Amino acid sequence: MRADLVVVGSGLFGLTVAQQAAERGLDVVVVERRDHLGGNAWSELEPETGIEVHRYGAHLFHTSNERVWRYVNRFTSFTDYRHRVWSVRAGEVYPLPINLGTINQFFRSALGPAEARDLVARQAAEIAGEPANLEEKAISLIGRPLYEAFVRGYTAKQWQTDPTRLPASVISRLPVRYTYDNRYFNDTWEGLPTDGYAAWLTRMVDHPRIDVRLETDFLEAGHPFSRDTVRGQVPVVYTGPVDRYFDHVHGALGWRTLDFAQEVLPVGDFQGAPVLNYADDDVPHTRILEFRHFHPERDYPTDRTVVVREYSRFAEPGDEPYYPVNTPTDRERLAAYRTMVEAERTRHQVAFGGRLGSYQYLDMHMAIASALRLVDNDLDDLLGRVAPRL
Ligand code: FDA
């Protein structure tokens, strides 16, 4: 097959670019390293129970971007799922994000919104001046008692680092709601794909002009769509890790990863909710997901359930990169890679994008919006069909 465009990576960024390019009449080859498409949004049915499990951690779709919402609805409908999370702390269960219910349960009080706001403001005033680390920043936002109860242990587990040794810049805000609203997301649209992520993602590239090559690593030689063969011959949209593309010449960028421990349990309902966070630092997992609760509308077995415990740690070579660590060293290295990205774009028609290509955490709707922008603004230029300027 001849290709007008090679897309490296079949996550939501790559799939959106491929789908849009094919719709504009281009022949597209999508090269994917894994044995399935869809990137980290992929899900599959647990074979014993038929319960849909998100293979790379819970994926909840939400957006306030109307263009993205209309776009995704071309490939799937969405359920009316609304995400809610609770936190287990010292043997009690509290609603999250921190709201009036959390505050009143924690302080054994019945405060109204204004009183609760005053209380938190008084407790937050303990930190005067610029916070020196994550702990001080969090206290300056929500006060010490709520920080120690709900943030300290969870954050220490996420980062395997005491929050006093993490930079203040790791958090910019900690939402506190002075109502009893415990919906996790504030977006206009929210839901889960009615017949699952795999069906949605597969439909995006169900097009005669799109050829998906699984188990094919663009950076390994020896196949017709490798970097060595394609570079400079066919335009490329690359959504893999930016440091790996350049053979780590400026050093590796830091990531956090997650380990997932999945179990089928012989009960119909294990925890009564899709996600429980564990705030205490003597509990090693950060949260437990129970996947049946993402689809209460489905006819799942009533005597078995699937739970996944999540553990967070720094990624080693070979681990899945999930969240950028973004230390000052990472930022320096990223700046050096960005210069190389510009040159690669000009010299070899390679555009970088997506979460790994930009070293940036992107929610699904952000990855899609960013891919649509690339197609709108850059695709013609990348293909050498520079639009006439007025
Ligand atoms: P993504 O990582 O999905 O895809 C990149 C693809 O490129 C991968 O399939 C990879 O195998 C492939 N690749 C890399 N190098 C390659 C090479 N050399 N050759 C060939 N292929 C290569 N979002 C949200 O909206 N709601 C949520 O609840 C969550 N939850 C969530 C949990 C966790 C744990 C993570 C890590 C992420 C989320 N997300 C999320 C974010 C969501 O996963 C993210 O928006 C998409 O993964 C972004 O899609 P990309 O295409 O950018 O990357």
Side-chain angles (χ1 to χ4, degrees), residues 6-19 29-43 53-65 68-69 72 78 81 83 85 158 184-185 187 189-193 197 200-201 204-205 212-221 223 225-228 230-231 236-247 255-260 274-275 286-287 289 294 308 310-313 315 318-324 350 352-372 374:
V6 171
V7 173
V8 181
S10 65
L12 273 163
F13 192 99
L15 291 181
T16 304
V17 170
Q19 189 280 331
V29 170
V30 179
V31 180
E32 170 55 57
R33 191 150 82 119
R34 292 174 174 164
D35 62 2
H36 62 80
L37 54 71
N40 283 357
W42 186 247
S43 72
V53 172
H54 305 167
R55 195 199 279 194
Y56 304 95
H59 274 69
L60 299 320
F61 189 80
H62 56 97
T63 186
S64 295
N65 181 326
V68 169
W69 181 242
V72 295
F78 287 84
Y81 177 82
H83 195 46
V85 175
Q158 269 186 319
Y184 203 77
F185 300 114
D187 278 314
W189 296 284
E190 180 180 349
L192 290 170
Y197 278 97
W200 165 18
L201 300 163
M204 286 182 76
V205 284
V212 181
R213 309 272 172 121
L214 298 177
E215 297 182 271
T216 308
D217 189 328
F218 182 67
L219 301 182
E220 275 174 17
H223 61 86
F225 294 101
S226 70
R227 174 180 54 186
D228 297 349
V230 163
R231 190 168 181 236
V236 174
V237 173
Y238 174 85
T239 74
V242 59
D243 52 355
R244 184 162 177 251
Y245 183 94
F246 295 110
D247 303 317
W255 291 87
R256 281 192 299 121
T257 192
L258 298 173
D259 295 316
F260 301 111
V275 180
T286 47
R287 48 187 193 162
L289 314 177
F294 288 119
V308 173
E310 248 181 51
Y311 303 83
S312 175
R313 61 181 172 81
D319 286 330
E320 290 294 345
Y322 283 145
Y323 301 104
V350 181
F352 289 68
R355 152 191 108 74
L356 302 166
S358 60
Y359 188 62
Q360 202 186 0
Y361 178 81
L362 298 173
D363 268 330
M364 291 182 279
H365 66 105
M366 296 157 80
I368 296 165
S370 167
L372 291 172
L374 182 143

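We count ligands from 1, going down the list as the structure has it; atoms in each ligand are counted the same way. Since this is a predicted model, take the numbers as computed values, not measurements.
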Contact with ligand 1 for Thr216, non-hydrogen, under 4.0 angstrom: yes

Closest approach of any protein heavy atom to atom 30 (N) of ligand 1, naming residue and atom: Ala58 O, 2.9 Å

side-chain contact (heavy atoms from CB on, under 4.5 Å) partner of Ser10, the single match among Leu15, Thr239, Leu201, Val205: Leu15

Nearest neighbour of atom 43 (O) of ligand 1 from the list Arg55, His59, Met364, on a heavy-atom basis: His59

Val8 contact mode with ligand 1 (heavy-atom cut-off under 4.0 Å): side chain

Listed partners of Arg355 passing salt bridge (Lys or Arg N to Asp or Glu O under 4.0 Å), at least two apart: none

Proximity flag Tyr56 to ligand 1, non-hydrogen atoms under 4.0 Å: yes

Min heavy-atom dist Pro241 to ligand 1 below 4.0 Å: yes

Validation row, ring centre Tyr56 to ring centre Tyr197 under 6.0 Å: no

Under the side-chain contact (heavy atoms from CB on, under 4.5 Å) test, residues paired with Thr216 that sit two or more places apart: Val31, Arg213, His223

Proximity flag Tyr323 to ligand 1, non-hydrogen atoms under 4.0 Å: yes

Donor-acceptor contact present, side-chain Ser226 to main-chain Ala221, <3.5 Å: no

Pick from Asn40, Leu362, Val7: the one approaching atom 41 (C) of ligand 1 most closely through a non-hydrogen atom: Leu362

Nitrogen or oxygen atoms of Tyr238 and ligand 1 under 3.5 Å apart: no

Tyr361 near ligand 1 by a heavy-atom separation under 4.0 Å: yes

Minimum non-hydrogen distance to atom 10 (C) of ligand 1, winning option of Glu190, Glu32, Arg244: Glu32

